[in-house]
Structure formats: C-alpha cells, structure tokens
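Residue numbers start from 1 in every chain, and the chains themselves are labelled A, B, ... in the order their sequence lines are given, proteins ahead of strands.
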Amino acid sequence: MLTVKLFAKARDLVGSPIIQIPWSDGDTVGRLKLALSERHPSLLPLVPRLLVAVNNDYAPDSLKVRTSDEVACFPPVSGG
Amino acid sequence: MLTVKLFAKARDLVGSPIIQIPWSDGDTVGRLKLALSERHPSLLPLVPRLLVAVNNDYAPDSLKVRTSDEVACFPPVSGG
Amino acid sequence: MILLTQDAIDYHALTESVRSPNSGAVVLFLGTVREMTGGRRTVALDYEGYPEMAQAKLAELETAARERWPIDRVGIVHRLGHLELGEISVAVAVSCPHRQQAFEAGKFLIDELKVSVPIWKKENWDDGSTEWVHPSGELPPPV
Amino acid sequence: MILLTQDAIDYHALTESVRSPNSGAVVLFLGTVREMTGGRRTVALDYEGYPEMAQAKLAELETAARERWPIDRVGIVHRLGHLELGEISVAVAVSCPHRQQAFEAGKFLIDELKVSVPIWKKENWDDGSTEWVHPSGELPPPV
C-alpha cells in the first residue's frame, strides 16, 4: 500500500488527512491520480488541478513511486 | 540684496551658510550663478553642477527672482 | 532564518536579523489579511501548510535568490493557523549591498513563495461561509 | 508621516503606522550605512538637509506616488546628522491592496528621494579624510 498525505481542500473532500492506495513499486504519479479518482470520487472536481509531491518535491506524471516514498496530494498552493 | 542659503560642499567652499548678493528684482537664476562665480570664486569648480532652489522648488536659469524670495544654492543631492 | 509558525510574526526581530554593515539596503515585505476581495468581505483566514515540504521549498527559494543577487542575509517567516483581519501572514526580509538588488530579491522571494511553497488559505467570508483558495495553477516550474 | 530627524529611526513604529485591513501588502525599505564602497572603507556618514525644501519635496513625492498606485498609507523618515556603520539613514514604508503595487511604489519613492530631495551625505573614510558625495547630476526632472 502507498501512504498518501492530503492537504487543504483535497483532505476536506476525502474526509481524512492520510489515505492508503494499493500499490506496486514502479507505478507512476499518473497512475496514482487515476487511482485517487476511482477510489475517492469526491476528489474528481479537483483532479485536473491536483498536484503530487514525492519526497518533498513536485512530481511529474511520469515519475515512478515506491511505497517507501513520502507522497502527498494537494490543490494549487495559495499561501503568502 | 538677495539672501542665498548655501548647503553641503557649497557652504564649505564659501565658508558661510548664508551670503548676500547685490540684486535687482527681476534678475534671473542664471544671473545669480554668474554673480556667485564672480564674488565667490571658490565655488567655481561646483558652478556647472550647482542647483538653485527658489521658494523650495528647483529653478531653471530663466526664472526671475525677487529679493523677497527664499533662495538656496547647493550641489546635486546625495541623500538616502 | 526560515520559519513556519503558529505565533504572531515578529517582523521587527526578522528585519534586525538581516541588517549588517555589508549591506546598504534592506527590503521587508509583509503580507497582511485584507478585508475586501472582489467586493466580498473577509473576516479571517485559516492557513494550512505541509511543513516539511514547505521548509524544503523555502530553502530552495533562498538558494535560487542567492544565485541571482548578491544577497547578504535573508529571512522568511510564514504563519499558519487562524488569522484575523490585518494580521501578518508572511514576512520576507532581505539585505543586499544596493537597493535595486534588495527590491528585486524581495519581490522574487514572495512571488515564488506564492506559486511553489505548499501552503493554502481558507477564506472566512462575512456571510459565515468558508472557501479554500486554490488558484487554477499549473505545476510550478522549477526555480 | 513624513519626517526629518536627528534621532535613530524607529522603523517598527513607521511600519505599524502604514498597516491597515485595507491593504494586503506592506513594503518597507531601509537604507543603512554600508562599510565598503568601491574598495574604500567608510567609518561614518554625516547627513545634512535643507529641511523646509526636503519636507516639501517629500510631500510632492507622496502625491506623485499616490497618482500612480492605489496607496493606502505611506511613511518616509530621513535621518540627519552623524551616522555610524550599520545605522539606518532612511526608511520608506508603504501599504497597498496588492504586493506588486507596494513594491513599485516603495521603489519609486526611494529612487525619487535620492534624486530630488535636498539632502547630502559626507563620507568619513577610514584614512581620516572626509568627502561630500555629489553625484554629477542634472537638475532633477519634475515628478
């Protein structure tokens, strides 16, 4: 399983700050976004703009992810 | 007589913060610069860059000056 | 100094921390909670962050700014939690030998912070509703 | 607030005076006495002003800035007299609804101050010599 942290509206829509996604090491960030849509349809409105961070850096859809990675999903940032 | 305040290097070169220049109402700022050069040759190195203010505003050489005006001469500013 | 905090931002201490005789210019930017946005009235903002990544991104921003300008010292503090009207949400202070550099570096740091550092704000409107602010952003480009 | 003073500049009070819930952005600029200039070492600066005209010119600058940007509040303090290394010679604080405006207005105010406000500084070099700083300037253009 891949542990995924959620923040801000993503967390509110899912109703939890952390979720688990069935995972095979080597699955990509793009695959994660698909899995999120399927398992948490409440996230669907946000998915086109959802950002994924792996090990504290923004990750492209092509990046391969291992279950030992630190992974987070969140909407575009709005700090400052 | 026209009373002229001097500041910074202009005052140091002349050795006084205030000087008097013989004056006829209607003489111009350009005339003042000439008179300063003649009466205070120590100012000569500064004259090409000397600024004249009349009533708290920068004055062009063509401006006519009256003895009742507040007049000051000084080098380019360097505050900040 | 790079800091995320739940406490009120002491921008005076932050500014003092970047002053030095090597620098002729200090620029401080404060972001504060503004009342009116597009005709709607804000009563408060809630800021949430992803602290580990936010710290990492802020450190990257400092590095990127130092590559562009001869920065002497820099400090960035972002507040998290519930902020009332007028309170300070972010403070960026930077010192450089000359003022043009300090203005450019300070503007760069806050501009980039707003697109790349994982912090989010939630509006508390005066009608009692709340709303996450999520710009329709792309993946932030690498700095 | 526009002020010429012989006392140390309280930029914290100045910055507080421009904060307001109408503004989301505050920019503060501090000019400080820098040690090295073109390879020479400064030990102190003496600032002299033409106070009445400096006040008038600073008020004009505020008016000119307000014509260009939606400024909420503005404060400018310039120190006169003898300043040691690292001390603050000038502080400009400005608040605007948005940060771009505040950066532009703050930069405009200090840039224009340096070309049009009748204040002069005298270098005190570490070899014991002193020297008035007089840029080879033209008559400042009207703002």
Side-chain angles (χ1 to χ4, degrees), chain C residues 9-16 18-38 41-45 70 72-73 83-114 121, chain D residues 9-16 18-38 41-45 70 72-73 83-114 121:
Chain C
I9 293 176
D10 183 350
Y11 69 82
H12 186 214
L14 183 76
T15 307
E16 287 298 299
V18 306
R19 286 179 57 193
S20 111
N22 301 321
S23 294
V26 172
V27 166
L28 168 72
F29 172 81
L30 301 179
T32 60
V33 180
R34 191 183 60 236
E35 186 168 20
M36 300 305 295
T37 297
R41 192 178 300 270
T42 296
V43 295
L45 292 176
D72 185 358
R73 302 183 188 176
L83 275 73
E84 301 289 339
L85 223 55
E87 287 197 276
I88 299 168
S89 55
V90 63
V92 174
V94 62
S95 58
C96 291
H98 299 286
R99 70 185 186 284
Q100 173 81 13
Q101 304 155 348
F103 273 105
E104 288 180 4
K107 185 167 187 312
F108 170 86
L109 287 167
I110 184 64
D111 284 352
E112 293 295 321
L113 182 154
K114 289 179 81 90
K121 63 169 160 262
Chain D
I9 293 177
D10 183 349
Y11 69 83
H12 187 214
L14 183 75
T15 307
E16 287 299 298
V18 306
R19 287 179 56 194
S20 111
N22 300 322
S23 292
V26 172
V27 166
L28 169 70
F29 172 82
L30 300 179
T32 60
V33 180
R34 191 182 60 236
E35 185 170 20
M36 301 304 297
T37 296
R41 191 178 300 272
T42 297
V43 294
L45 293 176
D72 185 358
R73 302 183 188 177
L83 274 73
E84 302 288 340
L85 222 55
E87 287 197 275
I88 299 168
S89 55
V90 62
V92 174
V94 61
S95 58
C96 291
H98 300 286
R99 70 185 185 286
Q100 174 80 14
Q101 304 154 347
F103 273 105
E104 289 179 4
K107 185 168 186 313
F108 170 85
L109 287 167
I110 184 63
D111 285 351
E112 293 295 321
L113 181 155
K114 288 178 82 88
K121 63 168 160 264

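Scanning both residues, D/R19 and C/Y11, for their nearest heavy atoms gives NH1-CE2, 4.3 Å. Taking all atoms of both residues into account, the shortest heavy-atom contact from D/P21 to C/L85 is CB-CG, 4.0 Å.
Residue C/T15 touches chain D through both its backbone and its side chain, counting heavy-atom pairs closer than 4.5 Å. In this structure, chain D has heavy atoms under 4.5 Å from both the backbone and the side chain of C/V27. The parts of C/E16 that come within reach of chain D are both its backbone and its side chain, each placing non-hydrogen atoms under 4.5 angstrom from that chain. Contacts of D/E84 with chain C are absent, with no heavy-atom separation under 4.5 Å from either backbone or side chain.
No side-chain donor-acceptor contact under 3.5 Å links C/S20 to the backbone of D/G86. Without hydrogens or angle criteria, C/R99 side chain to D/G31 main chain gives no donor-acceptor distance under 3.5 Å.
Here the straight-line distance linking atom CE of D/M36 with atom CG of C/N22 works out to 9.5 Å at 0.5 Å rounding.
Between chain C and the residues D/V26, D/I110, D/D111, the largest count of heavy-atom pairs under 4.5 Å involves D/V26. When the candidates D/V92, D/T42, D/I88, D/V90 are compared by the number of heavy-atom contacts under 4.5 Å with chain C, D/I88 comes out ahead.
The aromatic rings of D/F103 and C/F103 sit perpendicular, their planes meeting at an angle over 60°, well past the 30° parallel limit.
By the 4.5 Å heavy-atom criterion applied to side chains, C/H98 and D/R34 are counted as neighbours.
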